[in-house]
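Inspection log for the structure reproduced underneath, given as structure tokens.
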Protein chains: 2
Amino acid sequence: MKISELEKRTGINAHTLRYYEKSGLLKASMRSVNNYRIYSEDDLITALFIKRCKECGFSLAQTAALLAIKHDKSLHVCAEAKSITESKLQEISQQIEQLQQMEGTLTELQAYCCGGQESAEFCTIISTLEAGK
Amino acid sequence: MKISELEKRTGINAHTLRYYEKSGLLKASMRSVNNYRIYSEDDLITALFIKRCKECGFSLAQTAALLAIKHDKSLHVCAEAKSITESKLQEISQQIEQLQQMEGTLTELQAYCCGGQESAEFCTIISTLEAGK
DNA sequence: GTTGACCTTAGATGTAGCTCTAAGGTTTAT
DNA sequence: ATAAACCTTAGAGCTACATCTAAGGTCAAC
Ligand SMILES: [Zn+2]
Ligand SMILES: [Zn+2]
Ligand SMILES: [Zn+2]
Ligand SMILES: [Zn+2]
């Protein structure tokens with residue numbers, strides 16, 4: 001299939017697919033006589049693999065590492081795959097923690113603000129940001 | 001105080017302080033005869049306000065809006081401040097939700113992976129990413 | 001009187017992951 | 001035959017927020 005069909009079947013933008021090729025993630029397995037990229041069914045599977053990696057939050061570098069394992073499973077061990085997912089999990093839980101902290105601060109910040117049309121002179125949002133803690 | 005002292009007292013990099021000035025967030029209230037930036041105590045308060053906004057996750061544009069309210073409270077109303085915090089809160093809870101989804105997927109992904117030195121041929125992490133759902 | 005710490009500016013660079021443009025060649029349908 | 005829809009490349013642009021560089025001016029201490 002040509003690039004636009006792969007785009008349709010994966011939902012990945014053709015520009016992005018070319019970018020993935022340049023990044024070493026997904027190379028079309030053939031070229032037509034006109035130099036068009038021709039993707040195989042295996043390429044489609046790889047593209048979907050990449051998409052799922054993205055949905056899990058993996059960076060392109062991590063995705064590349066996972067792809068390398070996928071492409072040559074016998075040369076790799078479980079520990080490699082698990083260390084990638086574990087570091088990602090750790091990163092994610094850190095981010096969640098940070099966001100929850102922000103959420104708490106913000107909720108507190110606006111808890112006593114009326115949110116109405118009255119002057120902001122006594123707005124707790126502003127005064128709390130001013131005062132700090 | 002000069003820029004390096006403000007840097008010390010706020011923990012905000014001097015480059016960043018200049019950047020904030022260029023972005024319209026924080027202008028030194030004076031210049032010395034040598035054209036050095038001279039910051040007042042009020043400027044210090046503003047810098048700390050900016051820092052707290054950053055800790056809450058506000059973008060520079062949102063921070064600028066909050067600063068405008070702070071600087072002229074009587075011209076603004078609570079509704080303005082609250083709409084900023086509310087949109088930020090919504091954004092944050094969306095991000096948290098997304099991250100928790102990833103966290104769940106990743107946890108499931110690696111639940112059955114031994115993580116050991118055996119071949120990745122039957123690694124559930126890789127096979128789950130391949131299979132999708 | 002020179003070394004080193006400080007200050008200025010404009011503008012370049014970095015991050016990550018795309019997204020788009022320009023300029024041109026090819027294919028398909030009417 | 002010609003228009004629309006596809007394809008190619010190299011490289012620019014985008015976001016958000018800094019961070020750094022180059023080239024130069026100023027200041028205080030020993
Ligand atoms: Zn109010
Ligand atoms: Zn209020
Ligand atoms: Zn295993
Ligand atoms: Zn495994």
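Each chain gets a letter, A, B and so on, in the order its sequence line appears, and its residues count up from 1. Computed from a predicted model, the values in this text were never measured in an experiment.
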- [ ] Choose from dC20(C), dT26(D), dA18(D) the nucleotide whose nearest atom is closest to any side-chain atom of Lys54(B).
- [x] dA18(D)
- [ ] Calculate the interatomic distance between Asn13(B) atom CG and dT13(C) atom C1'; express it in whole Å.
- [x] 15 Å
Task: Short side-chain N/O contact to dC17(D) OP1/OP2 from Thr16(B), under 4.0 Å - done: no
- [ ] Give Arg18(A) one of three labels, base, sugar-phosphate or nothing, depending on what nucleic acid heavy atoms sit under 4.0 Å from its own.
- [x] base
TODO: Can you figure out which of dT8(C), dT9(D), dC7(C) approaches the side chain of Asn35(A) most closely?
DONE: dT9(D)
TODO: Answer yes or no: are there more than 12 heavy-atom neighbours, outside Glu97(A) itself, under 6.0 Å from its atom CD?
DONE: no
Task: Closest-nucleotide 5' rank along DNA chain D - winner of Ala61(B) and Glu21(A) - done: Glu21(A)
TODO: Report the nucleotide, chosen from dT27(C), dA18(D), dT9(C), that has the shortest atom-to-atom distance to any side-chain atom of Asn34(A).
DONE: dT27(C)
TODO: When you get a sec, tell me which of dT19(D), dC7(C), dC20(C) is the closest nucleotide to the side chain of Ile3(B)?
DONE: dC7(C)
Open item on the list: Looking at the base of dG17(C), is there any donor atom on it, or on the side chain of Tyr20(A), that sits under 3.5 Å from an acceptor on the other one?
Closed with: no
Open item on the list: Whether Arg37(B) contacts dC7(C) is assessed here as follows: a side-chain N or O lying under 4.0 Å from the phosphate OP1 or OP2. Is that the case?
Closed with: no
Task: Selection from dC18(C), dT9(D), dT19(D) that lies nearest to any side-chain heavy atom of Tyr19(A) - done: dC18(C)
Open item on the list: From C-beta outward on Tyr36(B), which listed nucleotide comes closest to its side chain: dC27(D), dC7(D), dG11(D)?
Closed with: dC27(D)
TODO: Would you indicate which nucleotide in dT21(C), dG11(C), dC18(C) comes nearest to any side-chain atom of His15(A)?
DONE: dT21(C)
Open item on the list: Regarding Ser59(B), tell me which of base, sugar-phosphate or nothing describes its non-hydrogen contacts under 4.0 Å with the strands shown.
Closed with: sugar-phosphate
- [ ] Spell out, as yes or no, whether a donor-acceptor pair under 3.5 Å connects the side chain of Asn13(B) to the backbone of His15(B).
- [x] yes
- [ ] Kindly indicate whether the side chain of Leu60(A), heavy atoms from C-beta on, has any atom under 4.5 Å from the side chain of Tyr19(A).
- [x] yes
